[in-house]
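A short write-up of the structure that comes next.
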2 protein chains.
Amino acid sequence: MQMPTLVESLQETLSMSQVTTNITVRELHSKDESYHAPVTPEVVVYPYNAQDVSEIKQIAKQFSRPVYPFGLGSSLEGLVIPTEDGISIDFSEMNRIIEVKEQDLLVKVQPGVTRTQLNKELKKYGLFFSVDPGADATIGGMAATNASGTSSVRYGIMRDQVRDIEVVLADGSIIHTGNLAAKSSSGYNLNGLFIGSEGTLGSFTEITLEVHGIPEHIVAGRAVFPTIDNAVEAAVSTLHAGVPIARCELVDEPSVKKTNEFSDTDYPVQPTLFLEFHGNEAGLNQDLAFMKEIVKEQGCEEIEFEQDNAARNKLWEARHNLAYAYIHGAPGKKMMTTDVCVPISELAGAIRHARKVVDDSMFEGGIAGHVGDGNYHIILMFDRNSEEEIQAAAKLNEEVVKYALSVGGTCTGEHGVGLGKQKYQAEEHGESLFVMKKIKEAFDPENRLNPFKLVQFKE
Amino acid sequence: MQMPTLVESLQETLSMSQVTTNITVRELHSKDESYHAPVTPEVVVYPYNAQDVSEIKQIAKQFSRPVYPFGLGSSLEGLVIPTEDGISIDFSEMNRIIEVKEQDLLVKVQPGVTRTQLNKELKKYGLFFSVDPGADATIGGMAATNASGTSSVRYGIMRDQVRDIEVVLADGSIIHTGNLAAKSSSGYNLNGLFIGSEGTLGSFTEITLEVHGIPEHIVAGRAVFPTIDNAVEAAVSTLHAGVPIARCELVDEPSVKKTNEFSDTDYPVQPTLFLEFHGNEAGLNQDLAFMKEIVKEQGCEEIEFEQDNAARNKLWEARHNLAYAYIHGAPGKKMMTTDVCVPISELAGAIRHARKVVDDSMFEGGIAGHVGDGNYHIILMFDRNSEEEIQAAAKLNEEVVKYALSVGGTCTGEHGVGLGKQKYQAEEHGESLFVMKKIKEAFDPENRLNPFKLVQFKE
């Protein structure tokens, strides 16, 4: 009698329809929105629940195969791309919103739930989930990446929102990382450790998130400045003044131009802050008056506030579509976005440096960023078939990272390490990298969980 | 030639004045503010810097001795009490505020800096540090415990404020856990892991904290209710309404009585919420009007707002002195405070349960709590020389913990595990406890860092 193969074992334990080796499906799971080269997984599986994931892990162990998590493939750093022959675990069938705990301002979801799916449901309760990375990513992917985005200046990053995760470990055992209380000093902080671990310590099968009441009053605005420096200074001053700003996005001239082309807007082609404020009406009126003073000091020539829903949505849609505007404008090319974050005091200098790096390169490139956090991106399009362009894009990315690290920042503010930022881990973390590697070994001694990512570098 | 002893080695490597075996000093380091039995350390050392701490760790390794961290001894769960013959590391000589990075809203301190010392310095810059556990604890101790307190409902807990820690590991190596950027998706979240680790993974020698601008407008208030249920419901409704409440403290009838006796106040002896709001003037006026409606629905008979500094300080001093009021009122007895935290939806039931547990016990006891977080305490005084009282207090504590765990809460909201909550770790964390033990082993394979605390239980 022959021993069953990996695929047969998976099919037997799960079901035929949950396991596929179809090449089209496998190729879909070979890549994400990043610029990294695709690698096709051996097999793709679709678990329905934690038990399925546990069994996949046990079979993976039996066959000595690695597993790779897959949400919607919106990673910008190759977090889901296989590094060896192995199993891609696609969580799209685990997309139930399990429970809205209205009184506790909590929601429990499966990892395949997307951000817009969640907010559509929460709206019925007058609630919303605050983390907004732009892409309609899955909650599992956002948790694994420690995503953030436009609203984290006010509501925090992904790590701040997660109260409990059900995790399937390397050996198939199932644990919970937290509880439902708003705070705890019990045990070690597993919640925080798993958030941002990029599937290298375990797979998430249930996530309990904090949600917020939809604010009484929301005002969005656009403020236009003569220079990027002025725009950055205005953002920093606003933060220091304690104005409760909910979003604070910088878009530079080339990016405003791209936005106008793609989103059919006619914003002045100048450095612009896209802003949003949440609060009560009286409070916001006082804040906005103060805000006008602040931006005026920085030579702001035009500030417009939008209070109605449609105008506000249009503004944020235009901002969110910026990446797609670049992609749309360069057919056949691949997008690369840098993703460093620096201390606020270093932001103006860092963005000046970024502009110089782009100008000195062979690329057109836009700069956009969540400047309230000190996190900014260069967006550029390059030809993945040109060795010269690949090298030039990598060099640009490296210059930006080195600058950020030299001023006390980080190589990735929100996109994660994946395949793109491993080479900077030693420089960024120093001796801590050894500690991180020990943690990886403690959780995954056989190195089967999304191996050669994050703190591991395949030479 | 004789080999030097432990004490001789320490004295030789540090200096004579940094090492003592004086029995009075050692006894001071045998205990904290908790009810746990004192255990005297073999020797007390006073490091001046990270290098000293590193050398202490290396000597501890050489002599196979455990080390115990000591800040100001304000722990309520025996976090600093030795469990074996070993070295108490007193951080009081490491009490420098190293740098206020005003532009970045950051401050870098040594671990022995106290909360009030820090806030006195920050005030010069119009800034404040938000975590306020009541006691004038050291920042190192607060970080090791993941302390929180009255203002965490608005500004978050200790874990939310720490951007970087310099840590000396078991082998004496020195690492940094983070960077100066407001967010990062790089590497594993060591910051979060070390916060609340109670000295079991390493010793903190420098801590970089987020600070806030002093709010434009602060209003404090007292709202008096017919029943505890009403007070809790009012707190929950306020949170749900999105009113930006900065502190929300429940004090029950017996505790108001104790406060009046100790603090020379004449507050009505009824369940009371002590409140504080931060914002701009126009916004707060709208919020306070709304707040009045909310508390009226819960039968609030008296709500008073204080806008001037002196009245506000008096109110919070009275609240903070509650623990001392109990201690003062029971000379010779020891205080025990329970410290569970439950989901907000379970808070009213939990506090009713707590009241019943106290009424059924042999103790008078007050209930107070940070009800915006679902964290509440029973404060009671017991005679540590009476086996009956010890047993009864332990039973009461256990009943409160079991209740909290049964409704999805945690055994400790803010005081930490230390010696008092180890026995509940298995019930609270389940399979996760094995993962936590693996982390401990990875960081401290020889079990010399505050051993038999947190996730380790000495039978």
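All chains are named by letter (A, B, ...) in the order of the sequence lines, taking the proteins before the strands, and each is independently numbered beginning at 1.
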Problem - Residue list, side-chain contact (heavy atoms from CB on, under 4.5 Å) with Asn179(A), at least two apart or on another chain - result: Ala181(A), Ser184(A), Thr410(B), Glu428(B)
Handout entry: Check: Gln286(A) side chain, Asn280(B) main-chain N or O, donor-acceptor pair, under 3.5 Å
Key = no
Exercise for the section: Let me know if Phe290(A) has heavy atoms under 4.5 Å from chain B in its side chain, its backbone, both or neither. Expected result: neither
Handout entry: Main-chain N/O of Ile175(A) paired to Glu431(B) side chain as donor or acceptor, under 3.5 Å
Key = no
Handout entry: Per-residue contact mode, Leu169(A) against chain B (heavy atom under 4.5 angstrom)
Key = side chain
Exercise for the section: Heavy-atom distances under 4.5 Å only: say whether Arg163(A) touches chain B with side chain, backbone, both or neither. Expected result: neither
Problem - Region of His370(A) in contact with chain B, defined by heavy-atom distances below 4.5 Å - result: side chain
Problem - Residue part contacting chain B, namely of Asp164(A), when any heavy atom lies under 4.5 Å - result: neither
Handout entry: Heavy-atom contact with chain B under 4.5 Å, split by part of Asp160(A)
Key = side chain
Handout entry: Which atoms of Val342(A) approach chain B - backbone, side chain, both or neither, heavy atom under 4.5 Å
Key = backbone
Completion exercise
Honestly, the part of Lys440(A) sitting under 4.5 Å from a heavy atom of chain B is both
Problem - Point-to-point distance, once rounded to the nearest 0.5 Å, from CD1 of Ile344(B) to CG of Leu180(A) - result: 12.0 Å
Exercise for the section: Would you please test Asn189(A) and Asn146(B) for side chain to side chain contact (heavy atoms under 4.5 Å, CB included) and show each step? Expected result: CA-CA 10 Å; Asn189(A) 181 232; Asn146(B) 189 27; over 6 Å; no
Exercise for the section: Would you confirm whether Asp373(A), through its side chain, and Ala182(B), through its main-chain N or O, come within 3.5 Å as a donor-acceptor pair? Expected result: no
Practice task
Looking only at non-hydrogen atoms, find the nearest pair between Ala442(B) and Lys438(A) and report the distance.
Solution key: O-CD, 3.5 Å
Problem - Heavy-atom proximity to chain B below 4.5 Å, by part of Glu77(A) - result: neither
Exercise for the section: Classify the side-chain pair Ser185(B)/His415(A) by whether it contains a donor and acceptor separated by less than 3.5 Å. Expected result: no
Exercise for the section: Please step through side chain to side chain donor-acceptor pair (under 3.5 Å) for the pair His429(B) and Ser186(A), ending with a clear verdict. Expected result: CA-CA 9 Å; His429(B) 301 297; Ser186(A) 181; 2.9 Å; yes
Practice task
Could you tell me whether the side chain of Lys183(A) reaches within less than 4.5 Å of the side chain of Ser152(B), counting heavy atoms only?
Solution key: yes
Problem - Main-chain N/O of Gln103(B) paired with His240(A) side-chain donor or acceptor, under 3.5 Å - result: yes
Handout entry: Under the side-chain contact (heavy atoms from CB on, under 4.5 Å) test, residues paired with Leu127(A) that sit two or more places apart
Key = Val100(A), Glu102(A), Leu105(A), Leu122(A), Tyr125(A), Val211(A)
Exercise for the section: Against chain B, label Lys421(A) side chain, backbone, both or neither, depending on which of its atoms sit under 4.5 Å from a heavy atom there. Expected result: neither
Practice task
Output, in order, the C-alpha distance, side-chain angles, deciding distance and verdict of side chain to side chain donor-acceptor pair (under 3.5 Å) for Ser432(A) and Tyr188(B).
Solution key: CA-CA 9 Å; Ser432(A) 286; Tyr188(B) 295 127; over 6 Å; no
Handout entry: Heavy-atom proximity to chain B below 4.5 Å, by part of Val236(A)
Key = side chain
